[in-house]
There are 2 protein chains.
Amino acid sequence: MKKNKYCYEYPRPSVVVDCVVFGLDDDLLKVLLIRRDRDPFAGRWALPGGFVDMDEPLESAALRELKEETGVGDLFLEQLYTFGDPHRDPRGRVISVAYYALVKLSDHKPVAADDARDAEWVDVKQATKLAFDHDTVLKTALDRLRAKVRYQPIGFELLPAKFTLTQLQSLYETILGQPIDKRNFRRKILAMSLLTELPETQQQVAHRAARLYRFDRQRYRQLVKAGFNFEV
Amino acid sequence: MKKNKYCYEYPRPSVVVDCVVFGLDDDLLKVLLIRRDRDPFAGRWALPGGFVDMDEPLESAALRELKEETGVGDLFLEQLYTFGDPHRDPRGRVISVAYYALVKLSDHKPVAADDARDAEWVDVKQATKLAFDHDTVLKTALDRLRAKVRYQPIGFELLPAKFTLTQLQSLYETILGQPIDKRNFRRKILAMSLLTELPETQQQVAHRAARLYRFDRQRYRQLVKAGFNFEV
DNA sequence: CGATCATAGTGTAGAAAATACACTAAGTCG
DNA sequence: CGACTTAGTGTATTTTCTACACTATGATCG
């Protein structure tokens, strides 16, 4: 006896949040997908997401869904776009507020076979034929990530806390899909003075060990306030 | 006998679209506001907007609202952000998908005192203490406009079809809030080859008449496809 | 009808930023 | 200890950005 308790004078759409979660697995950019076990689109991959509670801000809803799927708390999260085509969900009018997130896949390693949900990290190039309009959502997120990474240092969110300059460069090359000159890249990145050189080097590599750096978030905030910009 | 016909198993928020409509009035950047005649926020200025119909795409809802308020059809319209704080409307949960638009105020001159609605073009600098969270929405739109105008030639949407380079420069100065060097500006703008020089000049000015130009939208589309970028 | 006024329109030189490019250094492994 | 692998470094050239001031043209007014 819990059906149809909530009645309104005019019809209302459902509102969901969907999350495009990016992670970097070696040199592959991956996205977190969920295998749907019921119709519509049973058996197809979909973006994690769910309904927004009535007393819950949109961003909190996105965070909640993410924690349920990935267990990850500390991450970069930003609103992407709102998709509202009347027929994007065959069950009825569902408006989706999409977010995209960047997680340090390397730190929180609980990758596949989570929480009883069939969640998996999939190479973005393989992630096609998704449920609903999620192909479009993913493409929008990728475009945004590519555009944003050029003028804001968000790439660090995908790397472990300590990383080498080569890792960082390779990340940019992966996201932007084009090779970058090593010397020019290093000069430019270091000129931003957002990186702190650590007294440590890489361990257990079969060649000269590279210096480790960390991203100096505090300094970044200062520079943003001072009106700096950060093109790569 | 039309109350509460629409019943659901779980509660649902209302969804509205709100529009931030910018127009250029001489050297002032203005925004279209509506004086609210009922509570909440009776007597305060608000952004034009309204409920999304169940079978209507979000952008169509925004366009519909805009036509109702301004009579303007031909305009630049883009989704801005979705505002979903649970308490942004004291009457209940209302999620607002905000759009921003640029209109050629100079062409469609039916400015104030429209359609029985108390709509008015207000200098953006004067537009404060708006209803709901519309101060935030307006600020977000302004930030977006300022950022976007630097790398996409959307400024033209605010000017009449035929305009002088001085008008264009003054528009950029108004939006960006800083003076620009005349010679450098002209060189850069003309180098993009997005402007077609017209065989006409300005009329009825008490000094040397300036050459008129028009924006070549077709050429713009070609260049976008070719991966050009357009920083100013 | 000539002087005055207001804005249109134009070029260059110096500084800064972007690009292209190849070798030596250091650590591991067999 | 030689071979292998990646780390780390500098310079010259080209391109882009910036700063800057005078002449041209048309309208108006006395």
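Labels below follow one simple rule: chain letters A, B, ... track the order of the sequence lines, proteins then strands, and each chain is numbered from 1. In this text, all values refer to a predicted model and were calculated from it rather than measured experimentally.
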Of all residues at least two apart in sequence or in a different chain, which pass the side-chain contact (heavy atoms from CB on, under 4.5 Å) check with [X]?
{"X": "A:R208", "result": "none"}
{"X": "B:A210", "result": "B:T164, B:Q202"}
{"X": "B:A98", "result": "B:L80, B:F83, B:V137"}
{"X": "A:A147", "result": "none"}

Tell me which donor-acceptor pairs under 3.5 Å the side chains of residues 225-232 of chain B have, and how far apart each pair is, sequence neighbours excluded?
none

Can you tell me which residue pairs pass the salt bridge (Lys or Arg N to Asp or Glu O under 4.0 Å) test with a partner in [range], sequence neighbours excluded?
{"range": "residues 160-169 of chain B", "value": "B:K162-B:E200"}
{"range": "residues 186-197 of chain B", "value": "B:E197-B:R211"}
{"range": "residues 121-144 of chain A", "value": "A:R88-A:D133, A:K139-A:D143"}

With a non-hydrogen cut-off below 4.0 angstrom, is A:T166 in contact with a base, only sugar-phosphate, or nothing? sugar-phosphate
If you assign each of B:R187 and B:T164 to its closest nucleotide in DNA chain C, which residue comes earlier from the 5' end?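 Its nearest nucleotide lies further toward 5', so the answer is B:T164.
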side-chain hydrogen bond (donor to acceptor under 3.5 Å, both in side chains) against B:Y213, all qualifying residues, sequence neighbours excluded: none
Close approaches to DNA chain C from residues 177-186 of chain B, in residue order (heavy atom, under 4.0 Å):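 Going residue by residue through residues 177-186 of chain B, the ones with a heavy atom under 4.0 Å of DNA chain C turn out to be B:K182, B:R183, B:R186.
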Given side-chain hydrogen bond (donor to acceptor under 3.5 Å, both in side chains), test B:Q169 with B:E173 step by step and report yes or no. CA-CA 6 Å; B:Q169 176 176 347; B:E173 290 176 331; 3.2 Å; yes
Rounded to whole angstroms, how far apart are CD on B:Q167 and C1' on C:dG9? 16 Å
Output the rounded distance in Å from CZ (A:R150) to C1' (C:dA18).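 About 14 Å, once rounded to whole Å.
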What parts of residues 199-215 of chain B reach DNA chain D, counting only heavy atoms under 4.0 Å away? B:V205, B:A206, B:H207, B:R208
So where does chain A start and stop touching DNA chain D, 5' to 3', when the test is distance under 4.0 Å to a non-hydrogen atom?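 The contacted stretch runs from D:dT5 to D:dT11.
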